[in-house]
Amino acid sequence: MASNIRVRFAPSPTGKLHIGGARTALFNWAYARRHGGAFLLRIEDTDPERSTKEYELAILDGLRWLGIHWDEGPDVGGPHAPYHQSQRIARHREMAARLLSEGRAYHCFCSRERLEELNKQQEARKEKSAYDGRCRPLAPAEAAARVEAGEPNTLRFAVPQGTTRFHDLIRGEMSFDNREVEDWVMVRSDGSPTYNFVVVCDDIDMRISHVFRGEEHLVNTPKQVLLYRSFSAPTPEFGHLPLMLGTDRKKLSKRTGDTALQDYREKGFPREAVVNFLCLQGWALNGTQEIFSVEELVAHFDIKDVTKGGAIFDMEKFLWMSGEYIRRDSVEHVAEMCAPFVEAAGLASESELQTRRAWYHALVAGSKERIRTYSELPGQIAYLFASDEKLVYEETAERNARKHAGRVETLRAFLEWLRPRIADGVDVAALREGVKLFQTERGLKTPELLQPLRCALSGMAGGPDTLEVLAWLGPQRSLRRLELALERLS
RNA sequence: GGCGCCAUCGUCUAGCCAGGCCUAGGACACCAGGUUUUCAUCCUGGCGACUGGGGUUCAAAUCCCCAUGGCGUCACCA
């Protein structure tokens, strides 16, 4: 059954994909999927000063990483191409001319100086700053003559009297007095059309049925609704998503943390966790289930269930969720995802990890529940790659070891006991049995042996099973580290 | 300042539209126990909220009004 539902995500390639933009894209996409509609991508590259191809590519890349697929867009094309706003300029001009000829827009010859002056005066009188409509009464013929004569001008939309109402699927009935909407500029003096104008032109031409975007656009909506009516085009349904807030309770900005999706990708957050967490900012599956898949999202998502209030981005919960995904994932996959971080940390090259695949996987299996992002793995396993001589003892690890007065004697005895038992390799299970006997024979409590041993082998206060660590290190290096510890812990 | 939006634990939220099932549920964080050689995981328990005031009603977190607070926005950016 074909659906008439068509939604879009229309980023401006003037920066990296913002985390809030990513959520907007996700919600649009999920809505389309849920209701059998189409999701399209349009690049709003009409600001040549700030738009770059690099950002555009990065945004597409980010969306793909999230698993978002678009039915129509700049790279895949579609029936309403082109999907770069800058390439639709001829159509924009045509539509602007239409409004002008119908008397719904007019030429304005006010200079920037006058507008600035006007603004200053309004501010001084504590009035709202808005264009005063001076050029609106100009006769069309006179205006046309002045344009013909080369006088600089902009094209302004002639806002009618009355009240503009529209329905918002998240917030209900919205109402704005048109006196609050100024005669805004549709086309700049250089001939380029402005955002509020082109966004409507394109949405009409692309048959967009639902517009879901950030709440900061709410106040633009009356301007746009008026435009739809001027074009006698059906007004789409709107849905203004709550803002994502920083810890300062203000619109998420770089001041309070990373705002680019890419930053979280580079920090090693699993993409499923990113998707899951982003959805939880302003939407809930049912109020009790926090972890859910995109399939569940698509099966249950409805714009009506989106929250109205802004959501503070809680990094602690995000990290928890990230760790949750890593714990639930397979060792193989986590190992693969962590590999680039292990390499970047200078611990081992990709080929070295390939060569020692089973060994590397064992490390990951032992560390999986101790990391929250892929980037945390190197810190957990660095001691295995350190030189025996330069192994760093963490303060707590050394303190724990030194708590035991007989540590050096214990380690010396253990070293001699151990040497023959691992000459042919380490058998953890057999060793574990042996260690129990070693302890009882000497009347040692477990920590008395294992805390100094752990410090000697890894220099870490925590971590996986000490005998596992011994196995990973191998006989030679384990013995070497024990010998060194005899000195270092005395 | 004008206009607009919003308002449940510290945070994300369920409940609100269709008022009683709410002595307000879940999650993160925090605290206390348990498991573990340690850390982490895991398990158990605890702490903790309906912004205030009016109204409607037999009954309000839920509906209405006001106040307060927070945020957004006021460009020839998008």
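Chain letters run A, B, ... following the sequence lines, proteins first, then strands; residues in each count from 1.
Under the side chain to side chain donor-acceptor pair (under 3.5 Å) test applied with A/H240, the options A/R213, A/K308, A/H217, A/E216 reduce to a single match, A/R213.
The residue A/M321 sits apart from the nucleic acid: no heavy atom pair falls under 4.0 Å. A/T46 comes within 4.0 angstrom of the backbone, heavy atoms only, and of no base.
Side-chain proximity of A/R249 to the nucleotides B/A78, B/G10, B/A27 is greatest for B/G10. The A/E324 side chain lies nearest to B/C42 when the options are B/U13, B/C5, B/C42. Closest contact between the side chain of A/L218 and the listed nucleotides B/U13, B/U41, B/G4 involves B/G4.
Here B/C3 sits opposite B/G72 as a Watson-Crick or G-U wobble pair (both hydrogen-bonding atom distances under 3.5 Å). Across all strands shown, B/G20 forms a Watson-Crick or G-U wobble pair with B/C58, both key distances being under 3.5 Å. Pairing of B/U11, defined by two Watson-Crick or G-U wobble distances under 3.5 Å, is identified with B/A27.
A gap of 43 Å separates the P atoms of B/C3 and B/G26, to the nearest Å. Taking atom P in both B/G15 and B/C22, one finds a spacing of 15 Å when rounded to whole Å. Remark: the separation of the P atoms in B/G72 and B/C30 is 29 Å, to the nearest Å. Annotation: B/G19 and B/G2 have their P atoms spaced 36 Å apart (nearest Å). Using P as the reference atom, B/G10 and B/U51 are 11 Å apart when rounded to the nearest Å.
A donor and an acceptor atom sit less than 3.5 Å apart, one in the side chain of A/K317 and one in the base of B/C12. In terms of polar N and O atoms assigned as donor or acceptor, the side chain of A/E290 comes within less than 3.5 Å of the base of B/G26 in a complementary pairing.
Taking atom CG of A/L17 as the reference point, atom P of B/A78 lies 19 Å away to the nearest angstrom. Atom CD in A/E49 sits roughly 20 Å away from atom P in B/A75 (whole-Å rounding).
For the pair A/L245 and A/C110, both in contact range of RNA chain B, the more 5′-proximal nearest nucleotide belongs to A/L245.
Residue A/K128 has no polar side-chain atom (N or O) positioned under 4.0 Å from OP1 or OP2 of B/C74. Dashed line: the shortest gap from a side-chain N or O of A/R327 to OP1 or OP2 of B/C42 is under 4.0 Å.
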* Asked: Given A/E448 and A/K445, is the salt bridge (Lys or Arg N to Asp or Glu O under 4.0 Å) satisfied, shown in steps?
  -> CA-CA 5 Å; A/E448 285 182 287; A/K445 286 182 180 145; 5.8 Å; no
* To do: Go through the steps for A/E290 and A/K317 under the test side chain to side chain contact (heavy atoms under 4.5 Å, CB included), then give the verdict.
  => CA-CA 11 Å; A/E290 308 281 327; A/K317 186 162 183 176; 2.9 Å; yes
